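Here the structure is laid out as structure tokens; the discussion comes afterwards.
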Amino acid sequence: MTGVAGVPAELCAVVLAAGEGTRLRPLTERVPKALCPAGNVPLLDRALARLAGLGLAGPDRVAVNACYLGDQVVAHVGDRAHLSVEPGDPLGTAGGVANLRDWIDGRPVLVGNADAYLADRAAPPGPDLAALLDGWDGRTVRLLGQPAADPAAPGTFAGHCFTGFSLLPWRLVRDLPVVFSDLVRAVWRPAEAAGALTVVPYPGTFFDTGTPADYLAANLHAAGGTLVDESATVTGPCVESVVGAGARVDGDVFRTVVWPGATVRAGERLRNVIRAGNDMTVPCTAQG
């Protein structure tokens, strides 16, 4: 039996939003990575909207886990999803799913990373994942991926890099221990070794937003030029940049993200950075 757009009627979804986002520090010292905005929309909201586009919405069908700065995630999600707050340190991707075992309760599950930025010009959020779900038998593992620059590099699956969403059958979720663990070692690699893992290519744009450089790239892609919230004030030059709600830009910004409520003072000249608050400027140079 299937539901909206070929989605199995019994399918549930989990959005992983518990991580610390250490590579995005100092931005994530103030805001959990899942709530960092991309194109003036929190990454977590983008994930929830994508699930809603598949007909997956509400606390019966969608769960969000939280831990680091978890109070912010809980307040932001409200009653839009079931909330799983992990005590102490984050449980990791597999441990976070295991902690939701009673809620998943026999259902297959679509697991998504809150920090995955996805955009496909050919399909809106939700339907852009249709190929991942199409014809799934509910017994194997499926990963969304894109061809890797080096198909043999560690961390790849069938020559692909993981792009944020996976399908897991209940039989592999049922026995996961509620301890710190990741899906790569606990589920995906064993399934791959057993010939029970398939990678479905994602044809659109993907950024994992884990580094400042990728986070900036995701924002600039979402903006498609310059994006200024209607409540922001901009008096200086603003080119290929994103300016959030209530922000004020009196200086000169280029390829820059100005967070909600942040300030760029007259005389400041920002290039390829993230500005948060009145004083935090995070450079976004490429890694490696």
Side-chain angles (χ1 to χ4, degrees), residues 17 21-50 52-53 68-69 71-73 75-78 80 113-121 124-125 128 164 204-287:
T22 55
R23 294 179 297 161
L24 272 184
R25 288 176 179 165
L27 293 171
T28 49
E29 291 175 358
R30 303 182 180 188
V31 177
K33 183 165 62 169
L35 298 187
C36 291
N40 285 339
V41 178
L43 287 163
L44 178 55
D45 287 355
R46 289 183 174 274
L48 292 174
R50 177 162 276 104
Y68 175 72
L69 298 179
D71 289 349
Q72 291 186 41
V73 174
H76 187 80
V77 172
R80 291 183 292 163
N113 293 344
D115 61 355
Y117 174 86
L118 297 164
D120 185 355
R121 292 181 179 179
D128 65 341
T205 297
F206 163 73
F207 296 103
D208 74 358
T209 72
T211 65
D214 282 344
Y215 175 68
L216 174 63
N219 269 274
L220 298 182
H221 185 274
T226 298
L227 176 64
V228 178
D229 186 90
E230 61 182 12
S231 66
T233 300
V234 177
T235 65
C238 179
V239 179
E240 293 183 38
S241 295
V242 178
V243 181
R248 184 174 186 96
V249 178
D250 295 319
D252 178 353
V253 297
F254 173 72
R255 292 179 61 85
T256 288
V257 178
V258 182
W259 269 19
T263 300
V264 180
R265 293 175 292 277
E268 286 192 285
R269 187 171 183 267
L270 303 184
R271 297 289 186 269
N272 298 295
V273 301
I274 312 297
R275 165 59 59 86
N278 298 322
D279 55 355
M280 181 185 292
T281 305
V282 178
C284 298
T285 54
Q287 305 295 306

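None of these values were measured; they are calculated from a predicted model.
- At least one side-chain heavy atom of Thr281 sits less than 4.5 Å from a side-chain heavy atom of Arg275.
- Side-chain contact of Asp115 with Thr209: a donor-acceptor pair under 3.5 Å is absent, judged by distance alone.
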**Study point:** Derivation and outcome, side-chain contact (heavy atoms from CB on, under 4.5 Å), residues Glu268 and Asp250
**Key:** CA-CA 8 Å; Glu268 286 192 285; Asp250 295 319; over 6 Å; no

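- Counting heavy atoms from C-beta outward, Leu44 and Val77 have side chains that approach closer than 4.5 Å.
- What you find for Ala114 and Ala34 is that their closest heavy atoms are CB-CB, 3.8 Å.
- To the nearest 0.5 Å, the span separating CG on Asn272 from CZ on Phe254 amounts to 6.5 Å.
- For the pair Gln72 (side chain) and Arg30 (backbone), a donor-acceptor distance under 3.5 Å is present.
- Below 30°, between 30° and 60°, or above 60°: for Trp259 and Tyr215 the angle between ring planes is above 60°, a perpendicular geometry.
- The two residues Thr205 and Phe207 come nearest to each other via the heavy atoms CG2-CE1, 3.5 Å.
- Heavy atoms only, all atoms of each residue included: Thr28 and Cys36 are closest at CG2-SG, 4.3 Å.
- Side chain to side chain, Thr263 and Arg248 fail the donor-acceptor criterion of an N or O pair below 3.5 Å.
- Between Asp45 and Arg80 the shortest side-chain heavy-atom distance falls below 4.5 Å.
- Open room surrounds CZ on Arg269; 12 or fewer heavy atoms of other groups in view lie less than 6.0 Å from it.
- A pairwise comparison of heavy atoms in Ala247 and Val258 identifies CB-CG1, 3.8 Å as the closest pair.
- Salt bridge status for Arg50 with Asp120: absent, with no side-chain N to carboxylate O gap under 4.0 Å.
- By the 4.5 Å heavy-atom criterion applied to side chains, Pro237 and Val253 are not counted as neighbours.
- Residue Leu43 holds its CG atom at 8.0 Å from CG of Asn219, rounded to the nearest 0.5 Å.
- In plain terms, the two heavy atoms of Leu227 and Gly39 that are nearest each other are CD2-O, 3.4 Å.
- In this structure, Leu270 CG and Arg255 CZ are separated by 14.0 Å, a value rounded to the nearest 0.5 Å.
- Note that the OG1 atom of Thr226 and the CG atom of Leu220 stand 9.0 Å from one another [nearest 0.5 Å].
- Closest heavy-atom contact between Cys284 and Ile274: SG-CG1, 3.5 Å.
- Taking the side chain as every heavy atom from C-beta outward, Asn40 and Val242 approach each other to under 4.5 Å.
- The closest donor-acceptor contact from the side chain of Ser241 to the backbone of Val257 lies at 3.5 Å or more, if one exists at all.
- With rounding to the nearest 0.5 angstrom, the NZ atom of Lys33 is 7.5 Å from the OG1 atom of Thr22.
- The shortest distance between side-chain heavy atoms of Asp214 and Arg23 does not fall below 4.5 Å.
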